[in-house]
Amino acid sequence: MKFSIMTLFPEMIESYCSLSIMKRAIENSTIKIETINPRDFTLDKHKKVDDTPYGGGAGMVLMAQPFVDAYESIKKDENTLTIMLTPQGKTFKDEHSNSFAKYNHIILICGHYEGFDERIREIIKPVEISIGDFVLTGGELPALCLIDSISRKLEGTLGHIESAEEDSFSNGLIEYPHYTKPREYRGLKVPEVLLNGNHKEISKFRLEESLKRTKEKRPDLFEKYNSTKE
């Protein structure tokens with residue numbers, strides 16, 4: 001999968017993607033990352049990409065010309081999805097990761113300042129996504145959240161694809177608790193069922209713990225799960 005990120009601060013994207021699991025996914029060609037800076041497309045000699053809003057008001061608005069020209073410069077795959085990161089968008093969920101992972105090419109448009117000139121939306125017609133009901137300085141952090149989450153769904157990003165399949169939300173529930181060595185730490189012991197090698201009992205224990213945690217911490221998810229499962 002190829003990610004094309006339109007950003008005024010490409011270093012933020014490149015720095016994160018040069019580390020850990022994202023670095024490995026790039027090195028084994030599971031994903032490809034490119035950044036496109038709208039400043040490189042502005043007609044202003046000072047590389048200006050924003051201006052004061054018509055009608056007055058606080059803040060600066062991102063100009064249509066640099067962003068539209070930058071977008072049109074991107075070579076697109078026939079199976080391409082364009083996403084604008086904005087508080088106005090639909091809240092990003094795991095189900096979106098599964099859906100978006102089916103695309104060959106994803107373009108992410110990161111905003112800044114007071115927001116986008118509305119004509120950017122009208123011309124590009126992106127899918128609008130938010131990572132929550134709060135406002136950030138820019139769209140780079142939300143873009144990285146999407147890149148990370150979507151990449152986990154691709155074969156080759158994680159050591160085993162089963163790791164993603166067992167994540168929280170993958171089956172509608174919060175993930176069960178994990179334990180590793182030592183068996184006892186400060187008087188707290190690993191549950192005996194995880195030590196007996198009975199995989200049927202282990203699966204049952206983990207499902208019960210997922211249900212318990214979901215009901216306690218995310219009753220909204222539990223209610224939804226309970227209405228569709230026996």
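Treat the numbers as computed from the prediction; the structure is a model and nothing was measured.
- No more than 12 heavy-atom neighbours from other residues, nucleotides or ligands sit within 6.0 angstrom of NZ on Lys215.
- Distance check: Phe222 CZ to Leu211 CG gives 6.0 Å after rounding to the nearest 0.5 Å.
- Legend: residues meeting side chain to side chain contact (heavy atoms under 4.5 Å, CB included) with Glu118, ordered by chain and number and at least two apart, are Arg121, Glu122.
- Ala101 and Ile150 get closest at one heavy-atom pair: CA-CG2, 3.9 Å.
- Rounding to the nearest 0.5 angstrom, the gap separating the CZ atom in Arg206 from the CD atom in Glu175 is 9.0 Å.
- Not counting sequence neighbours, the partners of Lys204 by the side chain to side chain contact (heavy atoms under 4.5 Å, CB included) test are Glu201, Glu208.
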Show me the side-chain donor-acceptor pairs of residues 8-22 shorter than 3.5 Å, one per line, residues at least two apart or across chains.
residue : atom : partner : partner atom : Å
Glu14   : OE2  : Thr35   : OG1          : 2.9
Tyr16   : OH   : Asp148  : OD2          : 2.4
Ser18   : OG   : Ser15   : O            : 2.7

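- Interatomic distance, OH of Tyr71 versus OG1 of Thr82, reported as 3.0 Å (0.5 Å rounding).
- Taking hydrophobic clusters as Ile, Leu, Val, Met, Phe, Trp and Tyr residues chained together by side-chain heavy-atom distances below 4.5 Å, Ile106 shares a cluster with Leu141.
- Of the options Thr30, Leu154, Asn79, a side chain to side chain contact (heavy atoms under 4.5 Å, CB included) to Met1 is made by Leu154 and by none of the others.
- Contact detail for Cys145 and Ile131: the closest heavy-atom pair is SG-CD1, 4.3 Å.
- The stretch residues 128-155 participates, sequence neighbours left out, in no ring-ring contact (aromatic ring centres under 6.0 Å, His included) pair at all.
- A distance-only check finds no donor-acceptor pair linking the side chain of Lys93 to the backbone of Thr91 [under 3.5 Å].
- Side-chain contacts under 4.5 Å among hydrophobic residues (ILVMFWY), followed directly or transitively, place Leu195 together with Tyr179, Val190, Val193, Leu194, Ile202, Phe205.
- Atom NZ of Lys2 and atom NZ of Lys76 lie 10.0 Å apart (nearest 0.5 Å).
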Quick one: side chains of residues 42-68, donor-acceptor pairs under 3.5 Å with protein atoms, not counting sequence neighbours, listed by atom name and distance.
residue : atom : partner : partner atom : Å
Thr42   : OG1  : Asp44   : N            : 3.2
Thr42   : OG1  : Lys48   : O            : 2.7
Asp44   : OD2  : His46   : N            : 2.8
Asp44   : OD2  : Lys47   : N            : 3.4
Asp44   : OD2  : Lys48   : N            : 3.3
Gln65   : OE1  : Leu43   : N            : 3.4
Gln65   : NE2  : Phe41   : O            : 2.8
Gln65   : NE2  : Asp69   : OD2          : 2.9

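- Shown here are the side-chain hydrogen bond (donor to acceptor under 3.5 Å, both in side chains) partners of Asp220, two or more places apart in sequence or in another chain: Arg218.
- In terms of heavy-atom proximity, Leu81 sits nearest to Ile83 at CD2-CD1, 3.8 Å.
- Not one N or O on the side chain of Arg183 forms a donor-acceptor pair closer than 3.5 Å with the backbone of Lys189.
- The side-chain heavy atoms of Ile129 and Pro142, taken from C-beta on, include no pair separated by under 4.5 Å.
- Arg213 has no carboxylate O lying under 4.0 Å from a charged side-chain N of Glu216, or vice versa, which leaves the two without a salt bridge.
- Taking Asp133 as the reference, nothing meets the salt bridge (Lys or Arg N to Asp or Glu O under 4.0 Å) condition, with sequence neighbours excluded.
- A donor-acceptor pair under 3.5 Å is absent between the side-chain atoms of Ser149 and the main chain of Ser97, judged by distance alone.
- Using a distance-only test at 3.5 Å, with no hydrogens or angles considered, a donor-acceptor pair links the side chain of Asn28 to the main chain of Gly156.
- Partners of His105 by ring-ring contact (aromatic ring centres under 6.0 Å, His included), not counting sequence neighbours: none found.
- Clustering ILVMFWY residues whenever any of their side-chain heavy atoms sit less than 4.5 angstrom apart, transitively, puts Ile36 in a cluster other than the one holding Phe3.
- To the nearest 0.5 angstrom, Leu85 atom CG is 9.5 Å from Phe92 atom CZ.
- For Phe100, the ring-ring contact (aromatic ring centres under 6.0 Å, His included) test picks out His96, with sequence neighbours left out.
- Hydrophobic clustering, with ILVMFWY side chains joined whenever heavy atoms are under 4.5 angstrom apart, keeps Leu136 apart from Met6.
- Counting heavy atoms from C-beta on, the side chains of Ile33 and Ile147 come closer than 4.5 Å.
- Every side chain to side chain contact (heavy atoms under 4.5 Å, CB included) that Ser210 has, sequence neighbours left out, goes to Leu173, Tyr176.
- If you take OG1 on Thr214 and NZ on Lys212, they are separated by 11.5 Å, rounding to the nearest 0.5 Å.
- Applying the salt bridge (Lys or Arg N to Asp or Glu O under 4.0 Å) test to Glu223 and every residue at least two apart in sequence or in another chain returns nothing.
- Just one of Leu108, Ile124, Ile120, Ile107 meets the side chain to side chain contact (heavy atoms under 4.5 Å, CB included) condition when paired with Met84; it is Ile120.
- When all heavy atoms are compared, the tightest approach of Arg152 to Leu158 is NH1-CD2, 3.7 Å.
- Contact record, Glu140 with Cys110: OE2-CB, 3.6 Å, taken as the closest heavy-atom pair.
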